[in-house]
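Heads up, the thing below is written out as structure tokens.
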Protein chains: 4
Amino acid sequence: MAGSVNKVILVGNLGKDPESRSFANGGKVVSFSVATSEGWKDKNTGERKDKTEWHNVSIFSDGLARVAEQYLKKGSKVYLEGQLETRKWQDKDGNDRYSTDVVLRNFNSSMVLLDGREGGGGGGGGGGYERTNRDDAPRGNYQNRGAATGGRPPAFDADLDDDVPF
Amino acid sequence: MAGSVNKVILVGNLGKDPESRSFANGGKVVSFSVATSEGWKDKNTGERKDKTEWHNVSIFSDGLARVAEQYLKKGSKVYLEGQLETRKWQDKDGNDRYSTDVVLRNFNSSMVLLDGREGGGGGGGGGGYERTNRDDAPRGNYQNRGAATGGRPPAFDADLDDDVPF
Amino acid sequence: MAGSVNKVILVGNLGKDPESRSFANGGKVVSFSVATSEGWKDKNTGERKDKTEWHNVSIFSDGLARVAEQYLKKGSKVYLEGQLETRKWQDKDGNDRYSTDVVLRNFNSSMVLLDGREGGGGGGGGGGYERTNRDDAPRGNYQNRGAATGGRPPAFDADLDDDVPF
Amino acid sequence: MAGSVNKVILVGNLGKDPESRSFANGGKVVSFSVATSEGWKDKNTGERKDKTEWHNVSIFSDGLARVAEQYLKKGSKVYLEGQLETRKWQDKDGNDRYSTDVVLRNFNSSMVLLDGREGGGGGGGGGGYERTNRDDAPRGNYQNRGAATGGRPPAFDADLDDDVPF
DNA sequence: TTTT
DNA sequence: TTTT
């Protein structure tokens with residue numbers, strides 16, 4: 001279908017160290033689980049509740065896979081951008097089964113490590129991160145040259161409109 | 001876990017009309033499947049391939065549920081913003097089974113109809129759309145008043161930097 | 001225009017402490033700048049480059065404003081979800097000027113603090129975070145009990161939990 | 001700054017046909033304005049209001065630029081994913097001025113045409129769309145064959161498909 | 001299985 | 001099961 005979008009954005013923590021599997025053709029997949037959680041107040045009882053969601057993440061991009069192996073471990077906090085993919089498989093009884101993963105491939109996927117330097121723990125240098133294809137990204141210099149001085153935008157004006165909070 | 005994000009963004013088409021289920025307590029869920037698809041060229045053979053992904057969508061927000069019932073039908077193209085939720089259940093043999101849905105709840109979910117007026121087909125008025133909580137959104141008038149005239153930003157300057165496409 | 005989306009997602013660090021301005025009608029805006037940065041390799045010279053982008057953030061949601069005042073400060077790392085808004089104003093010479101902000105309003109905006117406990121530094125308690133309207137978000141218990149019928153997941157069960165729409 | 005995200009997602013309509021500018025070094029930029037709009041009810045007066053936001057979009061990716069030139073025109077509805085970039089420049093009086101654009105570069109940018117066939121109007125073929133780097137995206141065949149062992153999904157199978165990394 |  |  002021309003004209004579709006399939007995007008997942010997660011910020012969460014790894015439940016375990018990543019696992020890597022290599023394939024005969026030289027490729028690899030790195031996979032791990034990421035927890036996200038949300039809290040809310042029961043609107044009837046006022047009781048505080050929360051619920052944790054676990055996401056299966058699979059990385060097929062070589063670059064991102066390397067970063068994941070090197071920098072991610074149990075407890076790491078990470079920003080992930082990938083897509084939803086549901087695999088169909090058969091269990092031992094021959095029944096159709098489905099498993100849904102958040103998949104990072106070469107295109108339009110990113111991973112950003114969110115652990116502080118100290119949070120990173122182990123030996124490595126701090127803050128590893130990568131974005132696919134970063135290396136060939138042509139970039140512009142948006143900073144024009146010339147004379148200087150001049151106005152900053154005025155602060156929000158409180159008295160112009162009645163239906164706004166200011 | 002304080003500090004997590006669980007977000008899914010889809011643009012795709014409904015495979016069938018939405019189905020509604022009401023509950024004893026007055027609530028309701030509207031559910032349907034959405035197809036997204038992507039094409040690519042096999043890097044070895046050059047052959048064109050494509051793959052369609054089906055997403056189970058469940059709407060628990062009353063406002064969005066109403067809009068879905070009224071405006072969405074088989075074939076509709078829609079933008080959806082929700083979150084991933086995986087339900088655990090047991091099959092007839094007592095085995096754990098999992099099903100992952102894209103869920104729209106009251107918070108931080110949106111739905112935007114993308115069918116053209118004519119694409120809408122059926123009886124209803126065209127272009128319904130809704131965003132949760134729209135009604136109480138305080139808005140500012142960002143348009144300040146005063147004198148006029150003056151410069152627009154210059155076009156991108158082609159000669160400033162060598163590693164850019166301009 | 002029915003049918004549009006205007007969404008910005010940032011993960012970055014505050015350049016300074018947030019500033020608050022209150023308004024006659026009781027509302028307030030909290031504003032600050034957030035830096036994002038990216039690095040790349042010049043495709044011609046192989047030289048490493050990087051560029052920092054500064055974003056003006058303005059929070060009009062009372063709940064998020066309170067959290068920002070309480071937990072964010074210079075250097076804080078934060079996830080932000082808001083929308084683009086461009087204000088037009090006139091400078092001292094009466095020329096039209098434009099300023100573009102990332103704005104968080106009541107709807108479809110979020111803020112998630114990404115500082116580790118230690119990264120939080122100063123006096124405050126750790127990890128405050130908030131998502132608009134969290135308090136009244138009806139939630140479902142996706143964990144069904146007992147046996148089910150078939151190869152497909154059971155429908156949402158209406159009677160398991162009192163605070164949910166099913 | 002290792003560890004940042006700068007992402008804009010828009011769904012809106014072009015206000016005019018795209019404009020292209022070529023550069024001495026062979027590159028090009030395609031630019032146009034996109035309108036998004038939202039409506040809300042004034043919480044005090046109950047009056048319906050709406051506000052249109054205009055976004056300056058600049059495409060530096062060759063592939064996406066070609067698609068924009070070929071398929072986008074005044075009125076086209078489009079999904080865009082890019083990043084915020086603010087240029088600084090000087091006006092005729094030498095004052096610093098800033099202009100913020102939604103920029104699509106090679107990495108992590110997408111564009112999806114959302115016009116129906118009929119909505120497309122003019123002469124062109126229907127529904128062109130593109131995603132950067134699509135051509136070299138290795139893809140897996142998630143459809144496993146034959147029986148599996150247990151209650152868990154089988155691991156990715158390395159030998160099913162020749163063009164995939166597993 | 002994570003995190004607060 | 002949709003769409004191109």
Side-chain angles (χ1 to χ4, degrees), chain A residues 1-6 10-19 31-39 48-57 72-80 86 114-116 119 121, chain B residues 1-6 10-19 31-39 48-57 72-80 86 88 114-116 119 121, chain C residues 71 112-120 124-131 152, chain D residues 67 71 112-120 124-131 152:
Chain A
M1 175 193 322
S4 63
V5 173
N6 173 1
L10 300 177
V11 174
N13 297 278
L14 275 72
K16 292 185 182 169
D17 289 349
E19 291 179 8
S31 53
F32 49 87
S33 289
V34 167
T36 59
S37 173
E38 54 174 341
R48 292 192 164 280
K49 303 196 168 181
D50 67 88
K51 178 159 178 292
T52 295
E53 202 67 39
W54 286 98
H55 309 272
N56 303 317
V57 177
L72 296 183
K73 59 176 188 299
K74 179 176 175 174
S76 297
K77 173 158 285 187
V78 69
Y79 170 96
L80 295 166
T86 297
L114 298 172
D115 290 312
Chain B
M1 172 196 320
S4 61
V5 173
N6 174 1
L10 300 178
V11 173
N13 297 278
L14 275 72
K16 291 186 184 169
D17 289 349
E19 291 179 8
S31 53
F32 49 87
S33 290
V34 167
T36 59
S37 173
E38 53 175 342
R48 293 193 164 280
K49 302 196 170 184
D50 68 88
K51 179 159 177 294
T52 294
E53 202 66 40
W54 286 97
H55 310 272
N56 303 317
V57 177
L72 296 183
K73 60 177 187 299
K74 178 176 176 175
S76 296
K77 173 158 286 185
V78 68
Y79 170 96
L80 296 166
T86 297
K88 186 186 184 183
L114 298 173
D115 289 312
Chain C
Y71 293 106
V112 176
L113 307 191
L114 298 173
D115 289 312
R117 330 98 216 113
E118 56 284 353
Y129 100 117
E130 199 233 30
R131 300 194 133 194
R152 310 260 51 203
Chain D
V67 175
Y71 294 105
V112 176
L113 307 192
L114 298 173
D115 289 312
R117 329 101 217 114
E118 56 284 353
Y129 99 117
E130 200 234 30
R131 301 193 130 193
R152 310 259 50 203

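We name chains A, B, ... by the order of the sequence lines, and we start the count at 1 in each one.
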Look at the side chain of [X] and the backbone N and O of [Y], then say whether any donor-acceptor pair between them is shorter than 3.5 Å.
{"X": "B/S4", "Y": "A/S37", "value": "yes"}
{"X": "B/D115", "Y": "B/K77", "value": "yes"}
{"X": "A/T36", "Y": "A/G12", "value": "no"}

Rounded distance in Å - [atom1] ([X]) to [atom2] ([N]):
{"X": "A/N13", "N": "E/dT2", "atom1": "CG", "atom2": "C1'", "result": "5 Å"}
{"X": "B/K73", "N": "F/dT3", "atom1": "NZ", "atom2": "P", "result": "10 Å"}
{"X": "A/H55", "N": "E/dT2", "atom1": "NE2", "atom2": "C1'", "result": "11 Å"}
{"X": "A/D17", "N": "E/dT3", "atom1": "CG", "atom2": "P", "result": "11 Å"}
{"X": "B/L72", "N": "F/dT1", "atom1": "CG", "atom2": "P", "result": "20 Å"}
{"X": "D/L113", "N": "F/dT3", "atom1": "CG", "atom2": "C1'", "result": "14 Å"}
{"X": "A/L10", "N": "E/dT1", "atom1": "CG", "atom2": "P", "result": "20 Å"}
{"X": "B/Y79", "N": "F/dT2", "atom1": "OH", "atom2": "P", "result": "25 Å"}

Could you list the residues that satisfy side chain to side chain contact (heavy atoms under 4.5 Å, CB included) with B/S33, not counting sequence neighbours?
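By the side chain to side chain contact (heavy atoms under 4.5 Å, CB included) rule, B/S33 matches B/W54, B/N56.
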Contact class for B/K74 vs. all strands (heavy atom < 4.0 Å): base, sugar-phosphate, or nothing?
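Touches sugar-phosphate only.
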Does the side-chain ring of B/W54 lie flat on the base of F/dT2, meaning centres under 5.5 Å and planes less than 30 degrees apart?
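Not stacked by the 5.5 Å and 30° rule.
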Of the nucleotides E/dT1, E/dT2, F/dT3, which one has an atom closest to the side chain of A/A35?
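The closest nucleotide is E/dT2.
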Counting side-chain heavy atoms from CB outward, which of F/dT1, E/dT3, F/dT2 is closest to B/T52?
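The listed nucleotide nearest to B/T52's side chain is F/dT2.
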